[in-house]
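Structure first, commentary second.
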Amino acid sequence: MPFIPSRDTDPHAKWNGIEFSRFEQEARGLTAAPASRADDNERATPSRSATFQINKRIWGLQWGAGRFMALLVSILLVPAGAGLALATLLLPTIPFRIALITVGCGVAVLGCALFGLAVIGPKIAQMAIDGAAMTLGATSISGITQDSFKLQSLGTVTNAGFLTAKLAFPKPIKVYWTQRPAGASDLLIGTLQVPLITINGGFPKSGTLTLATTFHIIDQLNMVDFATYMINCESFSWLLVGDATAMAFGLSFGGLALSKVFTLRGFNSLPNPNIVAFDLPNSDASGIHILTTALAINPSTITIDLGSIDFSMMYDGIDIGYLSAPNVLLSPGVNSLRFDGRMKTANTAKLSTLMSTFLTGGGLRLAVLGHSSTIAKTQPAWLNSAFRSLSLAISLSPPRLNAPIVSGLNMFALKLGWNPSQQAGTTVTISSPLVTASFNSPYPFRISVLKVEGDLNFINRDSGLAFAAIHLPWSSASLDADGKLVELSICEQNLAAIPGREHMFCDFLKSVLVASSVYVSISGFLSAQVDTDGGKATIRLPITDIIKLGGLEGMSQIRLDNIKLFKGDADAGISINADTFIVNPSTNTLCFNAPLQFDIHLEGHSVGKVLIPAGFQLGPGENIISSGGILKTSTEAAEKTLLTGLTKWLQNEDVPIQLLGHQDSIFYDSLKPAFCCIDTFTMFPGQKVPLIVSGSLSISFMKASLAASLILNNALDATLSIVSIKSTVYYNGKVLGTVNHKLSKPLTIEPKTAGKTEALPLTPAIRLVDLELLIPVMQNTLAVDTVSTIQAVVGTYETAMNYSQAKVQISIKLL
C-alpha cells in the first residue's frame with residue numbers, strides 16, 4: 001500500500017517516493033492551508049516556475065475511478081489477447097489461426113493503450129494546465145459587502161496543449177495577492193468558484209474563462225492592503241491556487257493542481273481628473289454650495305460599483321469641505337461624475353488665501369481625499385479603508401469674468417487738504433464721506449463686506465507711470481441691498497507724490513483746478529474682510545479703473561460784492577474789503593489752509609490785488625469769503641485807468657475787472673502751476689449810495705449871483721476829505737453854471753457819515769431870466785445834473801475823481 005503523508009507530517013513529505021514541499025501538499029490537498037494571516041505570511045510561497053517543475057515530476061498522484069477501471073481493463077485485456085494468439089496453435093486450419101491472432105493482438109494493443117492513458121493521462125492533463133495561458137479581460141465588481149463581492153469577468157485560455165478536454169474545479173479556488181512590492185510574500189485574500197472550462201479547437205487548444213461568481217473575503221486586513229494597492233497602483237496580480245479535474249476521452253483525471261497568476265490593471269489613483277463644470281450657486285448655514293462635474297479616468301479594465309462616494313476637500317492641509325456623488329459606477333475609460341458638496345472652514349487665513357488666489361486668476365488647487373463609500377446603506381470597512389487612501393489633485397481654472405470683480409470706483413464729495421508745514425505741497429490729505437465701487441461677484445452665494453483696506457496708485461495717463469500713492473486703512477464698509485455696490489468712507493488719508501514724479505502730481509492738481517472734468521487712472525489692490533456661509537475671509541482683489549473728478553473750471557465764476565474802501569495811503573494805496581463769491585462747479589472741497597491772492601487788472605493795467613485769507617474751504621457751489629485787497633498802481637497810465645474806474649464805481653457803475661493768478665498766488669509749490677492758469681473776468685460793482693445827498697442854492701437877484709452848498713455822503717469805510725470841487729451844473733439840459741472852488745478848509749467826512757460843504761460860488765453861464773427858474777423858485781426846489789471833478793483824499797491817498805450825478809435835489813433860497 002502506498003505511503004500517504006498525514007497533515008501533521010514534515011513539510012517535506014513523500015508520496016509514492018516523491019518529495020513535496022508543504023505548499024505542494026497544500027495545493028494538492030495533502031495538508032491544511034494556513035487559516036490565519038500570520039500563518040499564511042510565514043509559509044514559503046513557490047514561484048510559478050517551481051510549481052511547473054514540481055508538476056513535471058508528477059507521474060500519478062491519486063487514483064480516480066476512471067483511471068482505476070482503465071488499468072483494470074488493460075490488465076485483463078493484455079493477457080486475454082495474448083491467450084487468444086497462443087490458442088491459434090491449437091486450431092486445425094490456417095484461416096482460423098490468422099483470425100484469432102488478429103483479434104488477440106488487437107485486444108492486447110487496446111489493453112496497452114488503455115494502460116497508457118491510465119498511467120500517462122494525468123501527466124498530460126497537468127502539463128496542459130501548467131502550459132496554458134489564462135487571462136482576464138473586462139471585469140466587474142459589484143454588490144460589495146463587508147465579506148464578499150460579486151465578480152464577473154470574461155477571460156481566455158490559450159496554448160492548452162493538444163487534448164480536447166473539460167476542466168472542472170470542484171472546490172473554491174484560493175486567491176492570493178502576489179508579486180507584491182519589494183518582493184513581499186503573497187497574501188491570501190479570499191476564495192472564488194471557477195466554472196467549467198471547455199478546451200477545444202485547433203492546435204494548440206483554447207477556451208473561454210467566464211467568471212460570474214462571488215468573491216468571499218477570508219482575511220479583512222489582507223483585503224484592506226490589497227484594495228488600497230489596487231486603487232492606487234498601475235497593475236496588480238492574483239495567484240489562483242486550487243484543485244482541478246480534467247475530463248478527456250470519457251476519462252476523468254482528478255487531483256490536478258491549478259496555480260495561475262492573473263495580472264490586471266489597477267486604478268492608478270484615477271489619474272489626471274479634469275473639472276469641466278464648477279459653480280457656487282448659493283449658500284446656507286451648512287456652507288457654500290458646490291456643484292461640479294469631473295471627468296475621472298479609470299485606466300483599468302475593471303468596472304466597480306462604489307455606490308455613493310464622499311470626498312474631503314483639502315486646501316494646503318486644511319479640511320475645507322466635502323463633495324458627494326451618488327450611484328457611482330466607475331467604468332474603464334472616462335467617467336463623468338457630478339458632485340454636490342459644501343465648503344466651510346473656520347480657518348480664516350486659509351480661506352482668505354484660497355478666495356484671493358481663486359478670484360484673482362490663480363485658479364485653485366485642491367487635494368480631494370476619499371472619505372467613504374456607501375453601498376446599500378452600509379459602508380464596507382475594508383473598502384472604506386482603501387478608499388481613504390485615494391488622493392486626487394484637482395485644479396480649478398479661475399472663473400471667467402464678464403467684468404472686473406471691483407470696478408467703477410467713485411469718490412463723492414472729495415475733500416483735498418494741504419498742510420502749511422509742507423511748502424512743497426506734494427502730500428495732500430483726502431477725505432470722502434462716500435466711496436463706492438461696483439462689486440461683481442462671479443458667484444451668487446451670500447457675501448457680506450465688513451471692512452475694506454487698500455493701496456492705490458494714481459497713474460499718469462500719458463506715460464502710464466504712477467505719480468502718487470494712497471493707503472486706505474481698514475474702515476467699515478458694506479454692500480448695498482442688491483449686493484452690487486460696496487460703500488465705505490475715507491478720512492484724511494495722505495495722497496503723496498512718488499519721488500521723482502512730482503511734476504506729474506502738479507499736473508494732476510492743475511487739472512483739478514483748471515479743467516471741468518478730471519480723469520485719473522488708478523491701479524492697486526483693495527482688501528475686503530467678508531463674511532460668508534463658508535467662513536470669514538480677507539479677499540485681496542486687484543483694481544484698475546478710471547476715476548472721474550469734477551474740476552473747478554479755472555475758478556472762472558468769481559464775483560465781488562459789498563466793496564468797501566476803508567482806508568488809503570499814498571504809498572500802500574487804497575485798502576478795500578469785499579465779499580468774494582467763488583462758485584465751485586464740482587463736488588470737491590479744497591482746503592488750502594493758506595491765503596490766496598489775485599492781481600486786479602483794469603483795461604490791461606495792474607491796479608491792485610484781491611487777498612483771500614487762510615482758513616476758508618472752497619466747497620461745492622457758491623462760497624462767500626470775506627476778503628480784502630489793495631488798489632494801487634505803479635505807472636501813470638495805470639493810475640489814470642484806476643481813477644476812471646473809481647469814478648465809475650462812485651457813480652454806481654459796474655467796473656469790469658480781470659483777476660489773474662500767478663506764482664505768488666498760493667504758498668504751495670505743487671499748486672503754483674495751477675494758479676498761474678487762473679484768468680477770470682468779473683465786475684467791481686458800483687456804489688449803491690450816491691456821493692451827493694442834496695444841496696441848496698442861494699439866488700440873489702439883486703446881486704445877480706448864485707451860491708451852492710452840497711451835502712456829501714461818505715459811503716466808504718475810510719475818511720473822505722474834499723479839497724476842491726470843479727463842476728458843471730445843468731438844469732433842463734442847459735448849463736446853469738460852473739463851480740471851480742478850492743475849499744478854504746478841506747471838508748473831512750468820517751466813514752458812513754455825511755458832511756456839508758461851504759458855499760460854493762456858482763458862476764451863471766447865461767442870464768438868470770433865461771433859465772426859467774420862476775416855477776422852481778415858486779416850488780422852492782430844483783433838480784440839477786452835475787458833472788464834477790473832485791479833488792479828494794481817501795485816508796491819506798490823494799486822488800482826483802471825475803464824478804457825474806443826475807437829478808440832484810437842490811433846495812432854493814432867495815436872497
Side-chain angles (χ1 to χ4, degrees), residues 562-566 568 574 576 631 642-655 684-699 705-765 771 773 776-777 779-795 797-815:
N562 298 326
I563 296 176
K564 301 173 183 179
L565 279 65
F566 63 93
I574 301 174
I576 62 172
L631 297 177
L642 176 59
L643 291 176
T644 301
L646 286 175
T647 298
K648 291 181 179 180
W649 178 71
L650 291 171
Q651 293 177 164
N652 296 322
E653 293 185 31
D654 292 339
V655 180
F684 211 79
Q687 276 281 52
K688 301 298 185 290
V689 180
L691 178 62
I692 305 174
V693 178
S694 62
S696 61
L697 179 63
S698 299
I699 302 174
S705 64
L706 300 171
S709 180
L710 301 175
I711 298 176
L712 302 178
N713 180 55
N714 180 10
L716 307 178
D717 288 81
T719 301
L720 177 63
S721 298
I722 305 299
V723 178
S724 66
I725 297 175
K726 183 178 181 181
S727 178
T728 301
V729 182
Y730 295 86
Y731 174 72
N732 285 341
K734 297 178 181 181
V735 178
L736 178 62
T738 60
V739 174
N740 188 358
H741 180 74
K742 182 177 181 179
L743 277 66
S744 59
K745 180 182 179 181
L747 173 62
T748 300
I749 307 172
E750 296 299 323
K752 305 300 183 183
T753 62
K756 185 177 181 180
T757 67
E758 60 188 54
L760 307 174
L762 179 63
T763 303
L771 292 174
L773 296 175
V777 169
Q779 294 177 344
N780 203 29
T781 184
L782 187 68
V784 300
D785 302 326
T786 65
V787 177
S788 309
T789 298
I790 302 173
Q791 192 71 29
V793 178
V794 178
Y797 183 83
E798 187 173 349
T799 184
M801 297 182 295
N802 297 319
Y803 181 76
S804 299
Q805 185 172 333
K807 305 299 181 180
V808 178
Q809 296 297 317
I810 302 296
S811 62
I812 298 175
K813 183 177 182 181
L814 298 177
L815 299 176

Item to check | Heavy-atom donor-acceptor pair, Asn714 side chain to Leu716 backbone, under 3.5 Å | outcome: yes
Item to check | Reported CG-to-OG1 distance for the pair Asn713 and Thr753, which is rounded to 0.5 angstrom | outcome: 7.5 Å
Checklist entry - side chain to side chain donor-acceptor pair (under 3.5 Å) with Glu750: which residues, sequence neighbours excluded? => result none
Checklist entry - Do Thr719 and Pro751 touch side chain to side chain, with heavy atoms closer than 4.5 Å? => result yes
Checklist entry - Do you know which two heavy atoms are closest between Ile711 and Ala754, and how far apart they sit? => result CG2-CB, 4.1 Å
Item to check | Side chain Thr757, main chain Leu710, donor-acceptor under 3.5 Å | outcome: yes
Checklist entry - side-chain contact (heavy atoms from CB on, under 4.5 Å) between Leu720 and Val794: does it pass, once the steps are laid out? => result CA-CA 5 Å; Leu720 177 63; Val794 178; 4.1 Å; yes
Checklist entry - Do Leu646 and Leu631 touch side chain to side chain, with heavy atoms closer than 4.5 Å? => result yes
Next on the checklist: So, taking the atom named OG1 in Thr789 and the one named CG in Leu643, what distance separates them when rounded to the nearest 0.5 Å?
Outcome noted: 10.5 Å
Checklist entry - Looking at Ala792 and Ile722, what are the two nearest heavy atoms and their distance? => result CB-CD1, 4.1 Å
Checklist entry - Would you say Glu798 and Gln791 make side-chain contact, with heavy atoms under 4.5 Å? => result yes
Next on the checklist: Would the distance check show the side chain of Tyr803 and the main-chain N or O of Ile790 forming a donor-acceptor pair, the cut-off being under 3.5 Å?
Outcome noted: no
Checklist entry - Under the side chain to side chain donor-acceptor pair (under 3.5 Å) test, which residues partner Ser727, sequence neighbours left out? => result Ser788
Item to check | pair Ser721-Thr748: side-chain heavy atoms closer than 4.5 Å | outcome: yes
Checklist entry - Taking the side chain as C-beta and beyond, is there a heavy-atom pair between Pro685 and Ile563 under 4.5 Å? => result yes
Item to check | Closest non-hydrogen atom pair, Ala806 against Asp785 | outcome: CA-OD1, 3.2 Å
Next on the checklist: Counting only heavy atoms not in Lys756 (residues, nucleotides, ligands), do more than 12 fall under 6.0 Å from its NZ?
Outcome noted: no
Next on the checklist: Tell me the closest heavy-atom pair linking Gln809 and Ala783, and the distance in Å.
Outcome noted: NE2-CB, 3.9 Å
Checklist entry - Are Leu712 and Ile692 close enough, and set up right, to give a side-chain contact (heavy atoms from CB on, under 4.5 Å), and what steps lead you there? => result CA-CA 5 Å; Leu712 302 178; Ile692 305 174; 3.7 Å; yes
Next on the checklist: Checking Tyr731 against Ile810 for the side-chain contact (heavy atoms from CB on, under 4.5 Å) test, could you report, in this order, the C-alpha distance in whole Å, the side-chain angles of both residues, the deciding distance, and whether it holds?
Outcome noted: CA-CA 11 Å; Tyr731 174 72; Ile810 302 296; over 6 Å; no
Next on the checklist: Just verifying a value: how many Å separate Tyr730 OH and Leu736 CG, rounded to the nearest 0.5 Å?
Outcome noted: 11.0 Å
Checklist entry - Any side-chain heavy-atom pair from Asn740 and Lys726 closer than 4.5 angstrom? => result yes
Checklist entry - Can you list the steps and then say if Leu697 with Val729 is a side-chain contact (heavy atoms from CB on, under 4.5 Å)? => result CA-CA 11 Å; Leu697 179 63; Val729 182; over 6 Å; no
Next on the checklist: If I take atom CD from residue Glu653 and atom OG1 from residue Thr644, how far apart are they, to the nearest 0.5 angstrom?
Outcome noted: 11.0 Å
Next on the checklist: Ignoring hydrogens, what is the shortest heavy-atom contact between Leu743 and Glu758? Give both atom names and the distance.
Outcome noted: CA-OE2, 3.7 Å
